[in-house]
Participant: 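The structure's right below; bear with me while I get my questions together.
First listed ligand is number 1; within each ligand, the first listed atom is number 1. These values consider heavy atoms only, across backbone and side chains, with no hydrogens, waters or symmetry-generated copies.
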Amino acid sequence: MRECLLCGQLFLPELNLAELFVFKGKRKENLCPHCWAKFEKLSAIRCMVCSKNLSEAGICQDCKIWQKQYDQQLLHHHSLYRYNQEFHDLMVQYKRYGDYMLYGVLRELCSKQLMKIDYDFYIPIPSSPEHLKKRGFDTITAIYQELVPLTPLLKKLSGSSAQGEKNKAERLNTPQMFYVDTTYRNQHHIEIHKNNKILLLDDIYTTGRTLYHARDSLLLENPNVTIESFSICR
Ligand SMILES: [Zn+2]
Ligand SMILES: [Zn+2]
C-alpha cells in the first residue's frame with residue numbers, strides 16, 4: 001500500500017508489468033486514482049503554438065500578442081493539463097508554502113510524457129536567489145531531475161519578483177530577468193551546436209513571458225539552435 005501525497009488515503013498502486021520495467025521508479029505511486037482524476041488533460045482542440053485549449057483550432061490571444069513582438073519566431077510550447085482549481089491549490093501548497101514532497105505529484109503527472117520525447121538539452125527555468133533561499137529547494141529542478149538529464153544553464157537575477165504575484169499586464173511588461181551562467185557552462189564544458197534541440201522546462205505557462213525571456217537569453221549566445229518549451233499545465 002502507498003499513501004497518496006495529496007489526500008493521505010492508502011491505495012494500491014496499479015501493477016503494470018510492462019511499465020514497471022520501462023518507467024522504473026516513475027509509475028503511479030504517489031497519487032491515488034481519485035486524486036489522479038482531479039487533474040484535467042488538455043483537450044485535442046488547442047492553440048497550434050502553445051497548447052492552450054480553444055473552442056476552435058487556431059492561434060490563441062496570447063500567441064497573437066507574441067506574434068506582434070516576435071513575428072515568425074514563436075515559441076512552440078508543449079503542455080499536458082488545464083490550470084484548474086486542483087492545480088492551483090497544488091501549486092500554492094508547493095510554491096507558496098514550500099511543501100517539497102509535492103514534487104513527487106508533479107513528477108508523476110508528467111513522467112510518461114517526458115519519457116517519449118528526445119532533446120539534446122533540457123534546461124530548467126530557475127528560481128530567483130530569494131525564492132531559493134526561502135524554500136531551500138528549486139521547484140522546477142525538483143520535479144524534473146529524475147526524469148531527464150538537466151543542464152541548469154540559466155540563472156535568474158536577484159530582485160526579480162515572482163510572476164504569480166502579478167496581474168496579466170504586469171506579467172507581460174516584466175523585464176528580462178534571465179542570463180546564461182557562463183561559469184557553469186565553462187566548468188561543465190557545455191557545448192551547444194548549431195542543430196541542437198533544447199527544451200525549456202517550467203511548471204505553468206501563463207502568459208508565456210517567462211519562457212520567451214528564457215529563450216531570448218539562450219538565443220543571444222546560440223542563435224541557430226531550436227528551442228521549444230514544456231510545462232505541466234497551461
Ligand atoms: Zn489521493
Ligand atoms: Zn497560443
Participant: Report yes or no: does Ser51 contribute a side-chain atom to a donor-acceptor pair with the main-chain N or O of His77 at less than 3.5 Å?
Facilitator: yes
Participant: Give a yes or no on whether Cys50 keeps an N, O or S atom under 2.8 Å from the Zn ion (ligand 2).
Facilitator: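 Yes, since at least one N, O or S atom of Cys50 sits under 2.8 Å from the Zn ion (ligand 2).
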Participant: What do you reckon, are the aromatic ring centroids of Tyr144 and Tyr122 less than 6.0 Å apart?
Facilitator: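 No.
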Participant: Taking the ring centre of each residue, are Tyr94 and Tyr103 less than 6.0 Å apart?
Facilitator: no
Participant: Please state the angle at the Zn ion (ligand 1) spanned by SG of Cys4 and SG of Cys32: what is it, rounded to 10 degrees?
Facilitator: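 Taking the Zn ion (ligand 1) as the apex, I get 110° for this pair.
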Participant: Any N/O/S atom of His34 sitting less than 2.8 Å from the Zn ion (ligand 1), backbone or side chain?
Facilitator: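 No, outside the cut-off.
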Participant: Do Leu90 and Lys38 have side chains that get closer than 4.5 Å, going by heavy atoms?
Facilitator: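 A side-chain contact is absent here, since even the closest heavy-atom pair is not under 4.5 Å.
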